[in-house]
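What follows is a single structure, written as C-alpha cells, with notes after it.
Every value quoted in this text rests on a predicted model; they were computed, and no experiment measured them.
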Amino acid sequence: MISPRTLKGFRDYLPEAMIPRERLMETARRVYRSYGFSPIDTPALEYLEILEGKGGEESDKQLYKFQDHGNRWVGLRFDLTVPLARFAAQHIATLGTPLKRYHIAAVWRGENTQRGRYREFMQCDFDTIGTRSPAADIETALVIHDLFRAIGFERFRIRINNRMVLTGLLEKLGLSDKSAGVLRALDKLAKIGPEKVAQEMTETCGAGDDQVRQVLQLAEISGPRDEVLERLKPLVAGSQTGEEGVARLAELTAGASAAGVAEERLVIDVSIARGLDYYTGTVFETFLDDLPGIGSVCSGGRYDNLAELYTKQELPGIGASLGLDRLLAAMEELGMIEPVATPAEVFIAWFDKNRLHDYLALAAQLRAAGLGVEVYPEPKKLGQQLKYADRRGHRVAIIAGENEFNAGTVQLKDLRAARQQDIAVEPADAFIAAVKELAGSV
RNA sequence: GUGGGUAUAGCUCAGUUGGUUAGAGCGCCAGAUUGUGGAUCUGGAAGUCGGGGGUUCGAGUCCCCUUACCCACCCCA
C-alpha cells in the first residue's frame with residue numbers, strides 16, 4: 001500500500017478551507033475588475049533563464065528547477081512579477097499601454113515553511129504597466145482600500161512611502177552605492193528597533209555614525225500627513241530625487257482623499273522600504289489594526305523598468321499583491337471565517353421515498369432563482385438527513401411529505417435557530433423570497 | 001539553511017522509574033424513537049503508538065537515523 005501523503009509545504013484544501021479561499025479570490029477579482037484590470041494567465045513553468053535573470057544566489061536556492069523531457073532547463077515561477085515582465089516584453093506591442101492586468105495564481109518557492117508560509121501558495125497581483133502617471137499610484141492605493149473593505153475589514157491601514165525620499169537622502173549622505181543594504185536594514189525597524197538597525201547598517205554597509213543617525217531620524221518621522229510632509233522637506237532639500245519623492249507622496253495622499261479614502265487609512269510611514277530593492281517610487285504595505293503582528297497582507301510599489309531584461313522598451317509600472325494565505329490565517333484568527341463545508345445554502349431532504357421528482361423540480365426552481373441547493377441522495381431517516389445538513393452548514397432545510405404536498409406547502413426549517421414553519425409554494429415569487437431571506441442571501 | 005520542540009483512534013490528549021490484552025473525552029455508525037438535527041441512554045467500528053534500525057527477557061516509554069508539523073532565526077523577487 002502506498003501511504004497517502006503530501007510534500008512538505010504543499011497542502012490539501014478541505015471544503016471548509018477552500019470555501020473562504022475561493023470567496024476571497026472572487027472578491028479580489030471583482031474589485032480588480034471594477035477598476036478595469038483584465039485577467040491574464042501565464043504558464044507555471046518558464047525557461048530557467050527567464051526566472052534566473054534577476055535575483056542572486058538566495059533566489060536560486062528557492063527556485064524549483066529541473067530539466068524537462070527535452071533536456072531544457074526549466075523552473076516553476078516563484079512570483080507573478082517575473083512572468084509579467086516576460087509577458088509584457090512579448091505582448092506589449094499587441095496590447096499597447098497602459099496595460100492593466102490582474103493575475104491570481106499559484107507560485108512555488110522551495111523555502112522553509114512556517115505558519116502562513118508554504119512552498120506552494122497563491123498570489124493575487126494587479127499591476128499597471130506603461131505609465132509613470134501619479135494617477136496610477138493613486139489608483140493602486142484605491143484598489144487596496146476597496147479590496148479590504150470588500151473583504152469586510154474596517155480597521156486596516158495602508159502605509160505608504162516613496163523610495164525616492166530615502167534614495168534622495170542617501171544621495172545627500174553619499175551612501176547611494178550602499179542603498180540596498182541600508183534599505184534592507186531599515187525595513188526591519190519596526191521589528192528589531194533602531195539600535196539593532198543602526199548596528200546592522202554599520203556592520204554590513206559600513207555606514208558612519210552620522211549617516212546612520214540621519215537615516216534613522218528620517219525614518220522615525222511620524223504623525224499627521226501634512227506634518228510628516230513638512231518635516232520631510234528640509235531633510236531631503238537639495239536632492240532633486242528626494243524632493244520629487246516628497247511631492248509624489250503629497251500627490252498620492254491628496255488624490256486618495258479626493259476619492260474618499262479616510263486619512264487614517266492611508267498613512268505616510270517613511271520607515272517602510274520593502275526588502276526588495278527593485279521598487280523605485282511609491283511603496284505600499286497594508287496592516288490590520290487588530291492583528292499587526294501578522295505583518296503586511298498586501299504589499300506593492302512602483303518600479304521604473306519592469307522588463308529591462310527582456311526588451312529594450314522601457315516599461316515603468318506599479319502594482320501590488322494580496323497575500324492570500326496570510327490574510328486567510330489572519331481572518332481565521334479574527335473569527336471572520338464561518339466553519340461551513342458546503343457552498344449551498346438550501347438543503348432538501350429526500351423525505352418521501354416516492355417523491356424524488358418533486359424534490360428535484362423544487363431544487364431546479366430554487367437554483368434558477370440563484371440559490372445553491374442540495375437534494376439528499378438517499379431516502380434515509382429524516383433525523384440523519386437533518387444532522388448531515390446541520391453539520392455541513394446549510395442554512396435552510398426544506399422538508400415535504402404527503403401532508404405538505406396535499407396542502408401545497410413545504411416545511412421551511414431554519415437550521416441554526418431550529419425553528420420551522422409551513423409555507424405555501426405558490427405564488428412562487430413569495431416562496432422564493434422567503435427561502436432567500438432565511439438563507440441570508442437576499 | 002541554523003537552533004529548539006512535537007508526533008499515541010477521525011479530532012484533542014492521558015499513558016507513572018521500560019512490564020502482560022494501549023486508555024479517556026469529543027466525533028463517527030447503529031438502536032431506544034417506521035414524519036424532524038445539535039440533549040440523554042445502550043451498543044458498535046476504529047490504533048503495526050509517524051516510519052526504519054538498535055539496546056533489552058520485554059520498548060508507546062531508552063538510543064540513533066528519517067519524515068512531517070510547530071516555534072525562533074536566516075531569507076523573502
Residue pair Tyr47(A) / Arg72(A), side-chain donor-acceptor N/O under 3.5 Å: no
Cation-pi geometry met for Arg11(A) and Tyr118(A) (6.0 Å, 45°): yes
Once you apply a heavy-atom cut-off of 4.0 Å, does Arg392(A) come out as touching a base, just sugar-phosphate, or nothing? nothing
rG47(B) and rG15(B): how far apart are their C1' atoms, nearest whole angstrom? 14 Å
For rG25(B) and rC65(B), measure between their P atoms and round to the nearest Å. 39 Å
Can you tell me, in whole Å, how much space there is between the P of rC70(B) and that of rC13(B)? 14 Å
Shortest non-hydrogen contact between Ala105(A) and Arg77(A), atoms and distance: CB-NH2, 3.2 Å
Within the 3.5 Å criterion, strictly below it, is a donor on Arg21(A) or Tyr13(A) matched to an acceptor on the partner's side chain? yes
Expressed as a whole number of angstroms, how long is the span from Arg117(A):CZ to rG1(B):P? 13 Å
Looking only at atom C1', what distance separates rC74(B) and rG27(B), rounded to whole Å? 41 Å
Heavy atoms from C-beta onward define the side chain here; which of rC75(B), rU36(B), rG31(B) lies closest to that of Gln384(A)? rG31(B)
Is any side-chain heavy atom of Gln365(A) closer than 4.5 Å to a side-chain heavy atom of Phe431(A)? yes
Can you find a side-chain donor-acceptor pair between Tyr359(A) and Asp352(A) that sits under 3.5 Å? no
Between the side chains of Asp304(A) and Thr280(A), is a donor N or O closer than 3.5 angstrom to an acceptor N or O? yes
Mind checking Glu404(A) for me? I need base, sugar-phosphate or nothing, with any heavy atom below 4.0 Å counting as a touch. base
Angle between ring planes, Tyr388(A) versus Tyr376(A), binned at 30° and 60°: parallel, tilted or perpendicular? perpendicular
Shortest non-hydrogen separation from Ala307(A) to Ala85(A) and the atoms involved: CB-O, 3.5 Å
Spacing between Lys381(A) atom NZ and rU34(B) atom P, to the nearest angstrom: 7 Å
Under 3.5 Å, is there a donor on one side chain and an acceptor on the other for Tyr303(A) and Asp127(A)? yes
Counting the atoms with a prime plus P, OP1 and OP2 as sugar-phosphate, which does Tyr388(A) contact under 4.0 Å by heavy atoms, base, sugar-phosphate, or nothing? nothing
Using the salt bridge (charged side-chain N to carboxylate O under 4.0 Å, His left out) definition, which of the options Glu345(A), Glu338(A), Glu374(A), Glu437(A) pairs with Arg395(A)? Glu338(A)
What pair of heavy atoms forms the shortest contact from Asp79(A) to Pro83(A), and how long is it? O-CD, 3.2 Å
Can you check the Ile399(A) CD1 to rG35(B) P distance for me, whole Å? 12 Å
Once you round it to whole Å, what is the distance between P of rG35(B) and CG of Asn406(A)? 16 Å
Taking the same atom, C1', in rA9(B) and in rU48(B), what whole-Å distance lies between them? 14 Å
Looking at the base of rG35(B), is there any donor atom on it, or on the side chain of Asp352(A), that sits under 3.5 Å from an acceptor on the other one? no
Between rC26(B) and rA68(B), how far apart are the two C1' atoms, rounded to whole Å? 25 Å
Which value, in whole Å, describes the distance between the P atoms of nucleotides rC57(B) and rU2(B)? 38 Å
Pairs under 3.5 angstrom, nitrogen or oxygen only, protein versus nucleotides 39-44 of chain B, please.
none

Please give the distance between the P atoms of rG23(B) and rA30(B) as a whole number of Å. 26 Å
Any N or O donor-acceptor pair under 3.5 Å from the base of rU36(B) to the side chain of Gln385(A)? no
Assign Asp414(A) to base, sugar-phosphate, or nothing according to its heavy-atom contacts below 4.0 angstrom with the strands shown. base
Tell me: NZ of Lys387(A) to C1' of rG27(B), nearest whole Å? 9 Å
How close or far is atom C1' of rU36(B) from atom NZ of Lys380(A), stated in whole angstroms? 15 Å
Less than 6.0 angstrom separating the ring centers of Phe126(A) and Tyr102(A), yes or no? no
Could you tell me whether the side chain of Asn161(A) and the main chain of Ile272(A) form a donor-acceptor pair under 3.5 Å? yes
Closest to side chain of Glu402(A), choosing from rC75(B), rG35(B), rU36(B): rG35(B)
Just how far, in rounded Å, is P of rU2(B) from CG of Asn112(A)? 9 Å
Polar-atom pairs under 3.5 Å, protein N or O versus N or O of nucleotides 68-70 of chain B: list them with distances, or write none.
unit_1	atom_1	unit_2	atom_2	d
rC69(B)	OP1	Gly9(A)	N	3.0
rC69(B)	OP2	Lys8(A)	NZ	3.2

Just to be sure I understand the rule, does Arg109(A) reach a base, reach only the sugar-phosphate, or reach nothing, if contact means heavy atoms closer than 4.0 Å? sugar-phosphate
Please map the stems of RNA chain B, keeping only stretches of three or more Watson-Crick or G-U wobble pairs with both distances under 3.5 angstrom. B:1-7 with B:67-73, B:10-13 with B:23-26, B:28-32 with B:40-44, B:50-54 with B:62-66
Rounding to an integer number of Å, can you tell me how far Asn403(A) CG sits from rU34(B) P? 17 Å
